[in-house]
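A quick note: this is a predicted structure, and the numbers were derived from the prediction, not measured.
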Amino acid sequence: MSNDRSSALTLAHRIAEAVRALPQSQTRNLVAIAGPPGAGKSTVAALSRDLLQQQGVATGLVSMDGFHYDNAILSGRDLLPRKGAPETFDVAGFQALLHRLLTEGEVAVPEFDREIDKSIAARALVTPDQQLILVEGNYLLLQEPGWSDLSEHWALSVFLDVDLETLEIRLQQRWLDHGLPPDAARDRAFANDIPNAKRILSNSRLADLVLS
């Protein structure tokens with residue numbers, strides 16, 4: 001675990017360095033931190049935010065996961081087993097939030113609560129002093145309808161590139177940590193998480209900064 005945190009901190013330093021090199025903007029700078037499930041995006045993004053804050057850069061953090069469709073909607077569309085795939089997110093709503101972040105001062109943002117498996121509206125605030133916003137999510141660089149339109153918002157894009165074998169181990173461990181027995185953890189990982197990871201690795205546009 002300490003090695004994982006040390007590696008994540010190294011990546012966070014790389015991101016913070018790249019962010020500080022961005023030219024000044026009249027509006028907010030939005031920085032995409034993308035990658036497959038299990039790549040460590042949430043951890044790296046949070047560490048990057050903390051580093052930048054320590055360096056005097058007022059920084060917000062927004063996750064794409066706040067735009068999960070509710071389970072009732074996914075059940076009605078026969079998509080609940082695929083929760084986490086691109087088609088299970090409100091990409092239009094997410095894009096509208098990105099536009100608001102570029103044009104408004106205070107913006108309320110939703111967050112996904114993994115304990116109750118629900119998105120909660122207006123759970124966090126981006127404040128006017130935060131002129132840099134880190135945005136993390138699986139599909140920020142995906143070259144598919146709706147998702148490819150997000151690219152116009154990024155002042156900098158970062159991709160966490162992790163090999164598939166490592167992702168398979170991490171994603172099975174994620175379900176084990178949630179209390180599933182080994183066979184069920186493997187089934188959950190290979191039925192949905194791994195196909196999503198392959199989709200991202202094969203169909204994402206090249207980021208400004210690729211980290212591994």
Self-check item: Donor-acceptor contact below 3.5 Å, side chain Ser204 vs main chain Leu201
Solution: no
Quiz item: Does His178 use its side chain to pair, donor to acceptor, with the backbone of Arg174 at less than 3.5 Å?
Solution: yes
Exercise. To the nearest 0.5 angstrom, please state how far the CG atom of Leu142 sits from the CZ atom of Arg205.
Key: 11.5 Å
Quiz item: Does the side chain of Asp90 come within less than 4.5 Å of Tyr69's, by heavy atoms?
Solution: yes
Quiz item: So, are Asp113 and Arg123 salt-bridged, with charged N and O less than 4.0 Å apart?
Solution: yes
Quiz prompt | Check: Leu125 and Val109 side chains under 4.5 Å, non-hydrogen atoms | solution = no
Quiz item: Charged N to carboxylate O below 4.0 Å: is that the case for Glu144 and Arg199?
Solution: yes
Quiz item: Among side-chain atoms of Thr59 and Gln53, is any donor-acceptor pair under 3.5 angstrom?
Solution: no
Self-check item: Single-linkage hydrophobic cluster, 4.5 Å side-chain cutoff, Trp154 and Leu97 together
Solution: yes
Practice problem: Indicate the atoms forming the closest heavy-atom contact of Val158 with Ala207, along with that distance. | Solution: C-CB, 4.0 Å
Quiz item: Can you name the side chain to side chain contact (heavy atoms under 4.5 Å, CB included) partners of Asp70, sequence neighbours left out?
Solution: Ala72, Lys118
Practice problem: Quick one: closest heavy-atom pair of Asn196 and Pro86, and the distance? | Solution: OD1-CD, 4.3 Å
Quiz item: Can you name the nearest heavy-atom pair linking Ala16 to Gln55, along with the distance?
Solution: CB-OE1, 4.3 Å
Quiz prompt | Where Glu87 and Leu79 come nearest, the two heavy atoms and their spacing | solution = O-CD1, 3.9 Å
Exercise. Would you confirm whether Arg28, through its side chain, and Gly105, through its main-chain N or O, come within 3.5 Å as a donor-acceptor pair?
Key: yes
Quiz prompt | Check: Lys41/Asn138 side-chain N/O donor and acceptor closer than 3.5 Å | solution = yes
Quiz item: Could you give the distance from CG (Leu140) to CZ (Phe94), rounded to the nearest 0.5 Å?
Solution: 5.0 Å
Practice problem: Assess whether atom CD of Glu165 is packed by more than 12 heavy atoms of other residues, nucleotides or ligands within 6.0 Å. | Solution: no
Practice problem: Please state whether the rings of Phe89 and Tyr139 are parallel, tilted or perpendicular, taking 30° and 60° as the class boundaries. | Solution: perpendicular
Quiz item: Do Gln54 and Asp50 meet the criterion of a side-chain donor-acceptor pair at a distance under 3.5 Å?
Solution: no
Quiz item: Near Asp183 CG, under 6.0 Å, is it more than 12 heavy atoms from other residues, nucleotides or ligands?
Solution: no
Quiz item: Just checking, any donor-acceptor pair under 3.5 angstrom between side chains of Trp175 and Asp193?
Solution: yes
Self-check item: Test item: Val162 and Arg170 side chains (from C-beta on) under 4.5 Å apart, heavy atoms
Solution: yes
Self-check item: Within 45° cone and under 6.0 Å: Arg114 NZ/CZ vs Phe112 ring
Solution: no
